[in-house]
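First the structure, in the form of structure tokens, and then the observations on it.
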Amino acid sequence: MLNRRNREAVEKAVAALGLTGGETALDIGFGGGLGLRLLLPAAARVHGVDISATMLERARATFREELAAGRLVLDEGSMTALPLADGSVDAVVSTNTIYFVEDLDAALAEVARVLAPGGRFVLGIGDPDLMARVPMLTDNGFRIRPVADVEAALAAAGLSLRKHERFTHGGLGFHLLSTAK
Ligand SMILES: C[S@@+](CC[C@H](N)C(=O)[O-])C[C@H]1O[C@@H](n2cnc3c(N)ncnc32)[C@H](O)[C@@H]1O
């Protein structure tokens, strides 16, 4: 369900990373695992971090072969304390995740920490103006931030905005912020 609704956003976000085949990639908040599925053929090694034990369990069952081959590493953890070494990743993607993150500055500082110099980070978020009109989201504690605030937080973390793409998916506007360290 999650995968179906978010498919277009995740596909566009992974494509925006421009992976070249031999790199190490990370999906933060991988949820149903579509991002992992798309990253695997495009990268040499893929990491996935999610705060949910349930999502970890599902992904471990889905990606048995890739895990056994060492091409995929999955960790339970938060975007605000990533279980990865400094400068260990070439490309990071995260879609529809920061609504659940209270301390965005801490999360983006972590993304910048794990990225190698010149590494890319693509952040996908629903359009805040449209999201703010959806009671199912506002009533359930989603942190809906203006895009300008997110862009400022990216810059403060040392992630330079290279491209801002807007598109529509599932009746909601979506923003892809492509950055580089
Ligand atoms: C709405 S789902 C998005 C899944 C997928 N990225 C997509 O776009 O379809 C949000 C995911 O982020 C995870 N998540 C929430 N807070 C997180 C945090 N602080 N750190 C890492 N993952 C988090 C949730 O467990 C969930 O799997």
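What's counted below: heavy atoms across the whole structure, side chains too, no hydrogens, waters or symmetry copies. Order of appearance sets the numbers: ligands from 1, and atoms from 1 within every ligand. Predicted model, so just to flag it, every value in this text is computed and none were measured.
Contact check on Arg113 versus Glu110 returns a salt bridge, with a Lys/Arg side-chain nitrogen under 4.0 Å from an Asp/Glu carboxylate oxygen. Electrostatic pairing of Glu151 and Arg145 does not count as a salt bridge here, judged by no charged N lying under 4.0 Å from a carboxylate O. Salt-bridge annotation for Lys12 and Glu165: absent, with no side-chain N of the basic residue lying under 4.0 Å from a carboxylate O of the acidic one.
Residues satisfying the side-chain hydrogen bond (donor to acceptor under 3.5 Å, both in side chains) test with Asp90, not counting sequence neighbours, are none.
Of all the listed residues (Gly35, Gly48, Gly29), Gly29 holds the heavy atom that lies closest to atom 5 (C) of ligand 1. One option in Phe100, Phe30, Phe174 has a heavy atom closer to atom 16 (N) of ligand 1 than any other, and that option is Phe100. Taking all heavy atoms of Asp27, Ile51, Ile98, Leu34 into account, the minimum distance to atom 17 (C) of ligand 1 is reached by Ile51.
Considering backbone and side-chain N/O of Val10, none are found under 3.5 Å from N/O of ligand 1. The shortest N or O to N or O distance between Gly32 and ligand 1 is not below 3.5 Å.
Proximity to Ser52 (heavy-atom distance under 4.0 Å) selects the following atoms of ligand 1: 25 (O). For ligand 1 and Thr97, the ligand atoms under 4.0 Å from any heavy atom of the residue are 12 (O), 23 (C). Atom numbering of ligand 1 starts at 1 in the shown order; those under 4.0 Å from a heavy atom of Met55 are 27 (O). The atoms of ligand 1 that sit less than 4.0 Å from any heavy atom of Thr95 are 3 (C), 5 (C), 6 (N), 7 (C), 8 (O). Near Met79, meaning under 4.0 Å from any of its heavy atoms, are these atoms of ligand 1: 18 (C), 19 (N), 20 (N), 21 (C). Residue-ligand proximity, Gly77 to ligand 1, at heavy-atom distances under 4.0 Å covers atoms 20 (N), 21 (C).
A side-chain donor-acceptor contact under 3.5 Å links Thr62 to the backbone of Arg58. Arg120 places no side-chain N or O within 3.5 Å of a backbone atom of Ala91 that could act as its donor or acceptor partner. Remark: side-chain polar atoms of Lys181 are paired, donor with acceptor, to backbone N or O of Leu115 under 3.5 angstrom.
Of all the heavy atoms of Val101, the ones lying under 4.0 Å from any atom of ligand 1 belong exclusively to the side chain. Under 4.0 Å from ligand 1, the heavy atoms of Asn6 that appear belong solely to its side chain.
With no hydrogens or angles considered, no side-chain donor-acceptor pair links Asp27 and His47 at under 3.5 Å.
In this structure, Ala9 has no heavy atom closer than 4.0 Å to ligand 1.
The structure places CG of Leu26 at 6.5 Å from CG of Leu82, a figure rounded to the nearest 0.5 Å.
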